[in-house]
Number of protein chains: 2
Amino acid sequence: MKKNTGGRPRRRRDPDGTRLAILEAAGTLLAKDGPEGLSVSQVAQLAKVNRGTAYQHFQTREQLVEATTVWVSEQLCQSVFGKTAAGKNADGKLTPEEQAKLADPRGGVIEHMTQFAMANPELGRAWMFQVLSSPQPANDPFWKLYRHLFEGFVQTDSAQPGIDVDVHTVLMIIGTFLWPVWARAHTRTAKEREQMAERFTNEIVRLSMYGTMRPEKYPELAARLVKGAPGKPARTAAKKATKKVAKKPAARKGRGAK
Amino acid sequence: MKKNTGGRPRRRRDPDGTRLAILEAAGTLLAKDGPEGLSVSQVAQLAKVNRGTAYQHFQTREQLVEATTVWVSEQLCQSVFGKTAAGKNADGKLTPEEQAKLADPRGGVIEHMTQFAMANPELGRAWMFQVLSSPQPANDPFWKLYRHLFEGFVQTDSAQPGIDVDVHTVLMIIGTFLWPVWARAHTRTAKEREQMAERFTNEIVRLSMYGTMRPEKYPELAARLVKGAPGKPARTAAKKATKKVAKKPAARKGRGAK
DNA sequence: CTGATAATCAACATCGATGTTGAGTCACGG
DNA sequence: CCGTGACTCAACATCGATGTTGATTATCAG
């Protein structure tokens, strides 16, 4: 008993396309409002899809958020690492090519990440929201992959000794994705943004090579570092990370009927 | 015509205390849900205050969020920097003591920040949400203060040449506040958390002193760095930051009556 | 061409959140 | 001792968001 009275023409039937449209819209809004701020209505509106259709693809708001976060993470993995070095070499050793790729500021992972982050600030932001909201940020596939690559580099003799892999993963990943947020606020043209990206990779490389402090100016600090900090060995310390698969359902705030 | 029928006993009259309770509750929830996920109802419930009371202190949800963010930032400034080095020496030059304080890993700003961040992961998280949601992250007082201090350090001869202050500010601030999020997920006892804090400061100091890559392994990279990147001078480049005070009202999603 | 399948959508019932109002209650100054 | 004003709170009206249902229609297999 329902004719298509006015309104926009019925959407062409294309399940996968619709699903993708919904995910993209959800990603955009995720970047704007965070996981708790996301509403199915807004997503549907932005995706130019009836809200009911969204519920056809994702049974509940929670599931939509969930699906969107893994989709975002997949996008990141895909775009930054491609299918190269995805699963193989899981023993922690890098092939020489991978090691070179990681370190090289031209065409290496760092530049790749920065480029992608600058080009897709929304995805990066959405991903950060997700990380901030997750009880186990390090379970994220992108996070794991990056950490794995970097750990491989650390074990080569091109790396300085005593690097803490986890601290570095936090610094690099987060920095790379937050930089575009900062840079957006200080640029107007695409050209400027390109310069910002370069500025970031340059500084990362500079930092990686020389740090920020002149060691000769801090003799006793340097002495303390070589023999390790008082309380701890200060080694790479990849600590097995108390697994504890706490997968709580996390009852939603309370909106909606039955 | 309203008696106190059942319910909890009326709250003792204490405006400032109430206001503070609301702000603290709001801060906690801000850390959990982000600015868009914050609801006045939840805040009131957590603060053990009637929802109407919250509206007495903050006319609207938006204003509550706003007030909470500035409060969080103030807490941060207060706790990390104290009232030392707040406004004076705004010319960018650090006194020798300040410079020493900044750099010293024992009792310096870095350790201070890390300690505070580890002790108050919620505040840090709330602050990060805020930064992520703000169109102008660098306008945050805490951000400005940290940047100012670091810039002072960069201009001393204890610093390596060519440091990009903005990139560093992003890395350090964000890293410091995200580290506790990661660390929380991997620790159980307070002792462990203390070690995590130390691990972070140690790595920051190590990174600052030696970087991650052995320069001798990357001769042509090193050569490129000293004479600057091809496209740009790659100098300190503190770029005057297009002020543009875009203070948009940012119309709320649309809940609520009239 | 035709019936089955499933994607799309409008409408419904329900609920929580917002912001407002007016009544109760405490504290303090005169 | 008694207002006066600030503070606290319950109840109201309204609106948007959720999740469900059943009608409609595009697409495909036979």
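So you know, we letter chains A, B, ... as the sequences are listed, proteins then strands, and number each from 1. What you are looking at is a predicted structure, and each value in this text was computed from that prediction instead of being measured.
A straight line from CD1 of A/Ile22 to P of C/dA7 spans 11 Å, rounded to a whole angstrom. For the pair B/Leu38 CG and C/dT18 C1', the interatomic distance rounds to 13 Å; values are reported in whole Å. For B/Lys48 and D/dT8, the NZ to P distance is 16 Å, given to the nearest whole Å. Between the C1' atom of D/dC28 and the CG atom of A/Asp16 lies a distance of 15 Å, rounded to the nearest Å. The distance from atom CG of A/Leu64 to atom P of D/dA17 is 14 Å, rounded to the nearest whole Å. As a whole-Å value, the separation of A/Gln56 CD from D/dG22 P is 14 Å. In this entry the distance linking CD of A/Glu62 with C1' of D/dA17 reads 14 Å, nearest Å. The distance from atom CD of A/Gln45 to atom P of C/dA10 is 13 Å, rounded to the nearest whole Å.
Between B/Ser41 and C/dT18 there is a side-chain polar atom (N or O) within less than 4.0 angstrom of OP1 or OP2. A close approach under 4.0 Å does occur between a side-chain nitrogen or oxygen of A/Thr60 and OP1 or OP2 of D/dG19. Regarding contacts with the backbone of D/dC7, every side-chain N or O of B/Thr53 stays at 4.0 angstrom or more from both OP1 and OP2. Checking the phosphate oxygens (OP1, OP2) of D/dG16, no side-chain nitrogen or oxygen of A/Ser39 falls inside 4.0 Å. Between B/Asn50 and D/dA10 there is a side-chain N or O to OP1 or OP2 distance below 4.0 Å. Taking 4.0 angstrom as the limit, B/His57 places a side-chain polar atom (N or O) nearer than this to OP1 or OP2 of D/dT8.
Donor-acceptor pairing under 3.5 Å is recorded for the side chains of B/Asp140 and B/Trp127.
A search for salt bridge (charged side-chain N to carboxylate O under 4.0 Å, His left out) contacts involving B/Glu24 returns nothing, not counting sequence neighbours.
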Without placing hydrogens or testing angles, list every side-chain donor-acceptor pair under 3.5 Å for residues 108-122 of chain B, not counting sequence neighbours.
from: B/Glu111; atom 1: OE1; to: B/Gly107; atom 2: N; distance (Å): 2.4
from: B/His112; atom 1: ND1; to: B/Val80; atom 2: O; distance (Å): 3.2
from: B/Thr114; atom 1: OG1; to: B/Ile110; atom 2: O; distance (Å): 2.8

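For a distance-only test at 3.5 Å, the side chain of A/Arg51 qualifies as a donor-acceptor partner of the base of D/dG19.
Nearest-nucleotide mapping onto DNA chain C: of B/Gly52 and A/Arg19, the residue sitting toward the 5' end is A/Arg19.
Looking at A/Met128 and A/Val181, their side chains never come closer than 4.5 Å, going by heavy atoms from C-beta outward.
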Check your understanding: Under the salt bridge (charged side-chain N to carboxylate O under 4.0 Å, His left out) criterion, do B/Glu151 and B/Arg147 qualify, and how do the steps go?
Key -> CA-CA 6 Å; B/Glu151 192 171 25; B/Arg147 190 191 183 287; 3.2 Å; yes
